[in-house]
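Structure record follows, encoded as structure tokens.
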Amino acid sequence: MLIWPALWNGYPLVFADTGTYLGQALIGYAGWDRPPFYSLFIHGLHWRLSLWPVVIGQGLIMAHLLHLVLRVQRQPGPVPLVVTSAALAMLSGLPFVTTQIMPDLFTGVVVLCIWLLAFQWGALSRRERIYLLLLSSLAVVVHQSHVPLAIGLAGLATLLIGLRRGPVPALRGLGRMLAPTALAVMALIAINGVAHRALSISPFGSVFLATRLIFDDTGRAYLDRHCPDIGYRICAVRDQIGTGTEHNLFLWTLTGPLYTELGGPKAWAPEAKAIVRGVLAENPGGVLLDAMRNTLHQLVTMASGDGLEPWRSQPGPEPIIARYFPSEHEAYLASRQQMGELYAFVHGLTPLHLAIFCLGLVAIGLRRRWSLSELGLVALLLAALIGNAAITGGLSGPADRYQARLLWLSLFVAMIVLLPRLRAATGQGGSKLAGAGGTG
């Protein structure tokens with residue numbers, strides 16, 4: 001049920017960046033803009049044979065994670081999982097995230113893993129604990145934005161545990177939650193040290209931040225005041241830089257000034273760092289206001305289907321698929337997405353997905369009595385929505401897909417904390433699991 005869009009489409013869903021994520025492991029390089037770990041993960045599933053195992057693997061990971069959450073909340077067995085999956089498949093955008101060859105699925109995985117590590121550790125077996133720690137590490141390392149998100153969620157969970165149970169359980173929980181993030185950070189630093197000779201989580205992150213500042217009032221005003229005296233190369237191409245959301249054109253258009261005049265992102269990174277330092281030193285308040293404005297913009301910028309338009313030739317994954325998966329090239333071209341049918345269909349579901357998202361939040365708000373684990377789940381949901389908006393929209397730039405990848409959590413959390421306890425058809429194991437469900 002969680003992978004039905006790929007079956008209906010006739011091929012796994014792709015995005016413009018899918019080609020990069022496939023190519024890093026296939027060709028053997030580390031991109032400047034994203035770590036190679038998701039590429040390595042999906043390579044372990046497709047082995048240059050087919051992209052279908054990637055979709056199936058991501059669907060199984062999500063289905064099993066939903067099962068774990070339901071089980072520790074005293075809803076074990078196949079019936080609650082089937083009912084929950086059916087609701088998510090019909091009413092939310094989760095299946096479209098699950099079936100896309102992108103790491104967006106793992107944003108929601110980060111949230112649920114942090115919750116399980118913080119509030120349901122005692123309800124998990126030893127093997128499940130090891131698996132959860134490994135899954136959390138994978139979820140964090142596949143996207144740089146997941147590092148601050150995981151740290152922020154861990155901090156909030158620690159605070160909640162500390163207020164209810166005291167400092168010792170809180171610190172133990174913090175250690176469990178931060179261990180995967182620490183492992184992910186070490187992996188990111190190591191790969192960047194080898195590939196880019198920079199001991200950094202994001203050696204070229206300044207390119208994104210400088211671009212965001214320039215397309216905001218603060219960065220543009222800084223350049224207006226100091227160009228050409230500061231001698232930055234970007235001063236010569238300032239008139240070619242637009243405003244608003246066109247920052248993506250600046251970052252990704254190969255015929256644009258970033259690549260033709262500034263030498264590309266890697267070459268421009270030192271200058272970008274200098275611009276960020278200059279703007280922050282001169283107008284920190286303005287930078288903060290711009291970040292808050294972009295965060296608020298991102299909070300209300302969400303639509304299903306963003307990026308699901310046809311991707312023929314460049315940019316897009318077609319050259320990689322044609323080269324490394326030639327037996328699937330015809331299926332790729334014949335898919336509903338590449339025929340231009342998928343985007344309109346999914347985009348038309350946006351009102352439904354937004355309505356369910358809002359209804360989920362309203363339903364959660366009607367709850368009056370909370371256990372610590374339920375309170376933690378709701379708090380992490382709200383914090384993830386705000387934190388994701390601040391990290392992606394506030395620091396890079398608002399996009400529909402950034403927030404849409406979390407909308408499904410509202411319905412899932414509402415079902416977890418509000419619906420009557422669902423029982424497996426056989427009823428086996430209910431009392432035993434119920435006794436373990438609320439420990440932490």
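This is a predicted model, so every value here is computed, not measured.
Between atom NE2 of residue His347 and atom OG of residue Ser304 there is a gap of 9.0 Å, rounded to the nearest 0.5 Å. Atom CG of Leu249 and atom CG of Leu258 lie 12.0 Å apart (nearest 0.5 Å). Atom OG1 of Thr301 and atom CD of Gln403 lie 8.5 Å apart (nearest 0.5 Å). One finds the CG atom of Leu183 at 9.5 Å from the CG atom of Leu188 (value rounded to the nearest 0.5 Å). The structure places CG of Asn9 at 10.0 Å from OH of Tyr332, a figure rounded to the nearest 0.5 Å. The line from CG of Leu299 to CG of Leu385 is 7.5 Å long, rounded to the nearest 0.5 Å.
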- request: List the steps and the verdict of side-chain contact (heavy atoms from CB on, under 4.5 Å) for Trp115 and Leu153.
  value: CA-CA 9 Å; Trp115 177 76; Leu153 295 178; over 6 Å; no

task: Starting from the C-alpha separation in whole Å, work towards a yes-or-no answer on salt bridge (Lys or Arg N to Asp or Glu O under 4.0 Å) for Asp306 and Arg401.
output: CA-CA 5 Å; Asp306 185 23; Arg401 54 184 288 266; 5.1 Å; no

- request: Applying side-chain contact (heavy atoms from CB on, under 4.5 Å), run through Trp370 and Val378 and close with a yes or a no.
  value: CA-CA 10 Å; Trp370 302 90; Val378 173; 3.4 Å; yes

- request: Output, in order, the C-alpha distance, side-chain angles, deciding distance and verdict of side chain to side chain donor-acceptor pair (under 3.5 Å) for Glu309 and Gln337.
  value: CA-CA 6 Å; Glu309 60 265 28; Gln337 180 178 6; over 6 Å; no

query: Does the pair Phe204 and His196 meet the rule for a ring-ring contact (aromatic ring centres under 6.0 Å, His included), with working shown?
result: CA-CA 10 Å; Phe204 305 106; His196 305 297; 5.2 Å; yes

task: Would you sort out whether Ser85 and Leu66 count as a side-chain contact (heavy atoms from CB on, under 4.5 Å), showing the intermediate values?
output: CA-CA 8 Å; Ser85 298; Leu66 296 179; 4.2 Å; yes

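In terms of modelled atom types and a separation under 3.5 Å, the side chain of Glu271 and the main chain of Ile234 share a donor-acceptor contact. Looking at Asn192, its side chain never comes within 3.5 Å of a backbone N or O of Pro203 through a donor-acceptor pair.
Ring planes of Trp4 and Phe96: perpendicular class, angle over 60° (limits at 30 and 60°). Classified by interplanar angle (parallel below 30°, tilted 30° to 60°, perpendicular above 60°), the ring pair Trp47/His43 is perpendicular. Ring planes of Phe41 and Tyr38: tilted class, angle from 30 to 60°.
Considering every non-hydrogen atom in both Cys235 and Ile230, the closest pair reads SG-CG1, 4.2 Å. Closest approach of Phe15 and Gln100 over heavy atoms only: CB-NE2, 3.4 Å. Of all heavy-atom pairs spanning Gly393 and Asn294, the tightest one is O-CB, 3.2 Å. Residues Ala157 and Met177 approach most closely at CB-SD, 3.6 Å, considering heavy atoms. Here the shortest heavy-atom pairing between Leu409 and Gly108 reads CD1-CA, 4.2 Å. The heavy-atom pair separating Arg405 from Ser145 by the smallest distance is NH2-OG, 3.8 Å.
Remark: aromatic rings of His46 and Phe325 are close, center separation under 6.0 Å. Aromatic rings of Tyr222 and His226 (six-membered ring for Trp) have centroids within the 6.0 Å cut-off, being under it. For an aromatic pair to be called close, the ring centres must be under 6.0 Å apart, and Phe208 with Trp268 fails this.
Side-chain contact of His146 with Thr107: a donor-acceptor pair under 3.5 Å is present, judged by distance alone. With 3.5 Å as the limit, one finds no donor-acceptor pair spanning the side chains of His353 and Ser92. Between the side chains of Tyr11 and Glu328, at least one donor N or O sits under 3.5 Å from an acceptor N or O. Counted by atom type alone, Asp290 and Thr218 present one or more donor-acceptor pairs between their side chains at under 3.5 Å. With 3.5 Å as the limit, one finds a donor-acceptor pair spanning the side chains of Ser373 and Ser371.
Geometric assessment of Arg336 against the ring of Phe345 yields a negative cation-pi assignment under the 6.0 Å and 45° thresholds.
Using a 4.5 Å heavy-atom threshold, the side chains of Arg220 and Arg238 count as separate. The shortest distance between side-chain heavy atoms of Leu342 and Trp8 falls below 4.5 Å. Proximity of Val69 to Ile416: side-chain heavy atoms (C-beta onward) are separated by under 4.5 Å at one or more points. With a 4.5 Å cut-off on side-chain heavy atoms, Ile320 and Ile27 count as touching. Residues Leu296 and Met292 are not in side-chain contact: their nearest non-hydrogen atoms beyond the backbone lie 4.5 Å or more apart. Counting heavy atoms from C-beta on, the side chains of Leu117 and Pro180 come closer than 4.5 Å.
Between Arg233 and Glu261 there is no salt bridge, since no side-chain nitrogen of the basic residue lies less than 4.0 Å from a carboxylate oxygen of the acidic one. Residues Asp216 and Arg212 are paired through a salt bridge, judged by an N-O separation under 4.0 Å between the basic side chain and the carboxylate.
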